[in-house]
2 protein chains.
Amino acid sequence: MQITHRQQQVIDACAKLLMTQGVQGLTTKNLAREIGFSESALYRHFASKESIIAFLLEFLFQDIQSRLTPIAMNSKSPSDQVKAIFESQFLFFEKHPFYLVAILSEGLFDASNEIKLAMMKIVNFKMQLLNQLIVKGIENRIFRADIPAEYLVHSLMGNFRLLCLKWKMQDFKFSLTHKGKEMMYYQIKILEK
Amino acid sequence: MQITHRQQQVIDACAKLLMTQGVQGLTTKNLAREIGFSESALYRHFASKESIIAFLLEFLFQDIQSRLTPIAMNSKSPSDQVKAIFESQFLFFEKHPFYLVAILSEGLFDASNEIKLAMMKIVNFKMQLLNQLIVKGIENRIFRADIPAEYLVHSLMGNFRLLCLKWKMQDFKFSLTHKGKEMMYYQIKILEK
DNA sequence: TTTTTGCAAGTAAATATTCACTCACGTGCA
DNA sequence: TGCACGTGAGTGAATATTTACTTGCAAAAA
């Protein structure tokens, strides 16, 4: 995904604003000031605020895709693959927590279909990836077969999401990778029979 | 919790607006129009919009508390108690989905401490309630002991929350109680050893 | 009984502020 | 010349909240 210098600056500005003021602070005025720009200059690079957020999510999607796809294709055990996927996610969000601020603010998406779709794209990709690993794990008799793959995936995603939410609500105080690793240890225990 | 006629009207108006327009539609103007009086009249009954939302959440808390406490205190098995708690929650939210719209739009309210605290009050109450049941279940050797109660609670809450989120994102199309019951069947399977 | 006073609950209108976005107009560079 | 990039000034539409004033009722005072 090619990206101009200005677009990178916009992403950085979003990051700073989301971390310091939350979604409420993500305004065109603040963005422009953060970049060192006029508000109107923003519109030389993006059609609308909506498209800025959509761009942000698309950028996130590309990153997730390029990180997780190789993991899902390697030849390790399903347990290790699932663990690796989440560890990669925890590591990434610990480095770029502002994405979580955006993702966890559901209210942002009611207004815009473009943003809602970008969001769904990410979620669906991750769900499909996990599902395929879980199915493989069940077939290989590594994972329990008494619970449908669909529910195991739901459980993984739900736990992941809640941990991220708690992290955000506690102002990113604890180490997400550490708590995440701990959580995954027990999650794998649940998965394996 | 005593509540005036007007306060009930405000809650009803919030419900209608949250369901038809989401959090974005929850404005003083819309509220006033929905109730059938002026915007300023709103301020005869509430100090601010913030306090309206806080009131809504307090009302929700009272309901949850009075529904769930008896369940946690009866003499059934921990499995049945946990199941009953979530079934009560699913039933309630299926009846009053607008609460979910507010709760799941976390990020939009993080500017207000009053609202944040009201949310935490609800979450903490439910967590503490579940934790005590899980601990009892572990002690009675009904629930697995190889995973700390804290994580089992986290798993329950995470799955619950994600199901509600999916329900909302699909415009409340499927039956929450039905999907919820199905989910709980597998959740209990995970809990029990 | 009549009159006075107080108060809860309402109103229209205005308030100050913020928001995303537009437009006419540079400026420097290929 | 044309184009990419930038600006200052402005726009209408929202936003939550306040203001000064009114109304109906009920209790207290005459």
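Every chain is numbered from 1 and lettered A, B, ... according to where its sequence line falls, protein lines coming before strand lines. Only a predicted model underlies this, so the values are computations on that prediction, with no experimental measurement involved.
- Nucleic acid contact for A:Ile35: none, since no nucleic acid atom lies under 4.0 Å from a heavy atom of the residue.
- Distance, B:Ile52 CD1 to D:dT17 C1': 12 Å, rounded to whole Å.
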Next item on the list: Apply the test side-chain contact (heavy atoms from CB on, under 4.5 Å) to residues B:Lys166 and B:Lys179: give CA-CA distance (whole Å), side-chain angles for both, the deciding distance (0.1 Å), then the verdict.
Entry: CA-CA 11 Å; B:Lys166 283 182 180 174; B:Lys179 280 264 186 188; over 6 Å; no

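- In this structure, a donor-acceptor pair under 3.5 Å is present between the side chains of B:Ser38 and B:Ser40.
- In this structure a side-chain-to-backbone donor-acceptor pair under 3.5 Å is missing from A:Glu192 to A:Ile142.
- Judged by the 6.0 Å and 45° rule, B:Lys126 forms a cation-pi pair with B:Phe160.
- Residue contacts shown for B:Tyr43 include a base, since a base heavy atom lies under 4.0 Å away.
- Within 3.5 Å, no donor on the side chain of B:Ser40 pairs with an acceptor on the base of C:dG10, nor the reverse.
- Checking the phosphate oxygens (OP1, OP2) of C:dA8, no side-chain nitrogen or oxygen of B:Arg6 falls inside 4.0 Å.
- One can place NE2 of B:His5 at 12 Å from P of C:dA9, the figure rounded to the nearest angstrom.
- Atom-to-atom, CZ of B:Arg44 to C1' of D:dT19 comes out at 10 Å; the value is rounded to the nearest Å.
- The distance from atom CD of B:Glu39 to atom C1' of C:dA13 is 11 Å, rounded to the nearest whole Å.
- Across all strands shown, A:Thr27 has heavy atoms under 4.0 Å from sugar-phosphate atoms exclusively, and none from any base.
- The B:His45 side chain lies nearest to C:dA9 when the options are D:dA9, D:dT17, C:dA9.
- Closest approach to the B:Lys49 side chain among C:dA20, D:dT7, D:dA16 is made by D:dA16 (side chain taken as heavy atoms from C-beta onward).
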